[in-house]
There are 2 protein chains.
Amino acid sequence: MDAWTEVLEGTGMNARLDRDTSNCSIARTLEIVGEKWTILILREVWYGSSRFSDFERVLGCPRNLLATRLRMLVEEGILATETYKEPGSRSRPKYVITRKGMDLVPAVMGLLQWGDRYRADPEGPAVLARHRGCGAPVDAQIRCERGHPVQAEDVESVPGPAFRMKPAE
Amino acid sequence: MDAWTEVLEGTGMNARLDRDTSNCSIARTLEIVGEKWTILILREVWYGSSRFSDFERVLGCPRNLLATRLRMLVEEGILATETYKEPGSRSRPKYVITRKGMDLVPAVMGLLQWGDRYRADPEGPAVLARHRGCGAPVDAQIRCERGHPVQAEDVESVPGPAFRMKPAE
DNA sequence: GCGCTGAGTATAGAAAAGTAAACTTAGGTT
DNA sequence: AACCTAAGTTTACTTTTCTATACTCAGCGC
């Protein structure tokens with residue numbers, strides 16, 4: 001009997017299938033970064049872009065969508081605005097990543113790594129990620145609190161403190 | 001001067017802004033897992049569901065989209081079909097995760113972890129991930145090849161072997 | 001051979017996203 | 001004062017994706 005079956009033993013309900021999925025952390029993260037362009041904007045920030053025109057030029061994304069996504073990312077605290085000033089021009093806003101945005105890097109690294117492994121061009125990936133200074137390639141790994149590297153197969157999911165059942169109809 | 005500026009030194013072009021983004025591993029991964037429901041289906045597989053009716057019940061996802069997503073995931077080799085048979089019923093297909101699918105776990109763990117940190121209910125997350133056996137909580141981390149844990153700030157991105165410029169117009 | 005069940009398919013309408021191009025704004029230059 | 005530029009906003013239109021519901025299909029029990 002697994003952890004899902006245990007919770008509701010004897011009630012005839014199924015914790016796995018009848019649970020409330022509205023408070024899922026994966027789904028909540030996707031509400032923000034799951035829209036088209038959002039992760040690609042973050043990718044460009046990570047690669048070093050910061051200006052509206054940078055994003056427009058490299059992504060080819062429509063200006064209205066770009067403006068909407070940037071506003072949302074700033075509202076969520078994933079990006080912050082600062083100002084820059086080219087000589088001879090007025091001050092304009094630029095976008096920089098925050099700690100909250102930096103904390104998305106492991107997830108994005110996971111996507112990058114999977115694409116590198118399964119969908120790269122024959123000659124390899126277009127971009128490499130490496131440890132600044134040390135220069136060694138980096139990757140996303142799962143680790144347990146005690147420091148052991150963990151295989152995906154060795155991860156189990158169990159109901160947490162905010163586990164709830166679907167409201168009855 | 002960073003690695004992006006170096007590549008095209010003196011050409012007047014900008015490697016960061018005028019590069020070809022069509023071979024980006026992040027974008028290619030998102031082509032597959034970026035559609036609505038796809039990651040949520042994988043989440044349920046990871047939590048232990050395997051049948052069409054399981055996914056429909058727990059996700060509340062329209063049947064045609066569910067069928068489309070499952071077919072795509074099988075075509076991509078992320079899920080595989082097996083058969084199951086309940087006593088008194090005919091054999092029916094079920095869906096199990098493959099190695100290729102397992103390799104998405106670090107990315108999904110990254111999303112889970114970010115949601116747990118920034119968007120969880122006050123009482124905590126709905127689901128916990130832990131190291132089977134050892135029982136300790138697990139998380140997604142970035143590591144360099146030499147084994148050091150790496151902060152997101154310490155990751156730099158540089159042009160890789162398949163780096164190309166945007167075709168001139 | 002008839003109904004039941006799980007696993008789909010078909011179709012039509014609604015919502016979201018994408019595209020293109022014109023318009024606005026605010027300061028710095030001339 | 002008129003002009004330029006980056007960073008948007010607005011509008012109108014097309015395309016894609018999502019949703020809801022009805023329908024089909026294939027075996028098993030009766």
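Any value given below was found using the heavy atoms of this structure, including those in side chains, with hydrogens, waters and symmetry copies removed. By convention in this document, chain letters (A, B, ...) are assigned in the order of the sequence lines, proteins followed by strands, and residues within each chain are numbered from 1.
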Checklist entry - Can you check side chain to side chain contact (heavy atoms under 4.5 Å, CB included) on A/Ile97 and A/Leu79, steps first, answer last? => result CA-CA 4 Å; A/Ile97 197 158; A/Leu79 298 182; 4.3 Å; yes
Could you list the residues that satisfy ring-ring contact (aromatic ring centres under 6.0 Å, His included) with [X], not counting sequence neighbours?
X	answer
A/Tyr47	B/Trp4
B/Tyr118	B/Trp114
A/Trp46	none

Next on the checklist: Against the six-membered ring of B/Tyr84, is B/Arg51 placed for a cation-pi contact (under 6.0 Å from the centre, within 45° of the normal)?
Outcome noted: yes
Next on the checklist: So if I define the base as every atom that isn't primed, P, OP1 or OP2, how would nucleotides 5-12 of chain D read as a B/S/- string at a heavy-atom cutoff under 4.0 Å?
Outcome noted: BBBBBBB-
Checklist outcome for this item: Heavy-atom nearest pair, B/Ala152 first then B/Ile142, reads CA-CD1, 4.2 Å
Item to check | Remaining members of the apolar cluster that contains B/Leu128, side-chain heavy atoms under 4.5 Å | outcome: A/Val158
Checklist entry - Taking the nucleotide of DNA chain C with the closest heavy atom to each, which residue, A/Ser91 or A/Leu65, is nearer the 5' end? => result A/Leu65
Item to check | Pair listing, side chain to side chain donor-acceptor pair (under 3.5 Å) test, anchored in residues 57-68 of chain B, at least two apart | outcome: A/Asp18-B/Arg57, B/Glu56-B/Arg63
Item to check | pair B/Phe52-B/Leu66: side-chain heavy atoms closer than 4.5 Å | outcome: yes
Checklist entry - If an axis is fit to five pairs at each end of the helix from C/dG1-D/dC30 to C/dT30-D/dA1, what is the angle between the two, to the nearest 10°? => result 0°
Next on the checklist: Can you pull out the residues from residues 73-80 of chain B that lie within a 4.0 Å heavy-atom distance of DNA chain C?
Outcome noted: none
Item to check | Derivation of the side chain to side chain contact (heavy atoms under 4.5 Å, CB included) call for A/Thr83 and A/Arg92 | outcome: CA-CA 5 Å; A/Thr83 54; A/Arg92 298 183 190 282; over 6 Å; no
Let me check something: any side-chain donor-acceptor pairs from residues 27-38 of chain B under 3.5 Å, sequence neighbours excluded? List them with distances.
| from | atom 1 | to | atom 2 | distance (Å) |
| --- | --- | --- | --- | --- |
| B/Arg28 | NH1 | A/Arg119 | O | 2.6 |
| B/Arg28 | NH1 | A/Asp121 | OD1 | 2.9 |
| B/Arg28 | NH2 | A/Asp121 | OD1 | 3.0 |
| B/Thr29 | OG1 | A/Leu111 | O | 2.9 |
| B/Thr29 | OG1 | A/Gly115 | N | 3.2 |
| B/Thr29 | OG1 | B/Ser25 | O | 2.8 |
| B/Glu31 | OE1 | A/Arg119 | NH2 | 3.2 |
| B/Thr38 | OG1 | B/Glu35 | O | 3.4 |

In plain terms, say whether [X] and [Y] are close enough for a salt bridge, that is, a side-chain N and a carboxylate O under 4.0 Å apart.
X	Y	result
B/Arg16	B/Asp2	yes
B/Arg117	A/Asp103	yes
A/Arg99	B/Glu153	yes

Next on the checklist: Run the salt bridge (charged side-chain N to carboxylate O under 4.0 Å, His left out) test against A/Glu44 and tell me which residues pass, sequence neighbours left out.
Outcome noted: B/Arg19
Checklist entry - Going 5' to 3' along DNA chain C, which nucleotides are the first and last within contact of chain A (any atom under 4.0 Å from a heavy atom)? => result C/dA17 to C/dT29
Whole angstrom is fine here: how far is it from [atom1] in [X] over to [atom2] in [N]?
X	N	atom1	atom2	value
B/Ile41	D/dC18	CD1	P	11 Å
B/Leu66	D/dT21	CG	C1'	16 Å
B/Leu59	D/dT19	CG	C1'	15 Å

Next on the checklist: Expected output is a numbered-order residue list: members of residues 19-39 of chain A with a heavy atom under 4.0 Å from any atom of DNA chain D. What is it?
Outcome noted: none
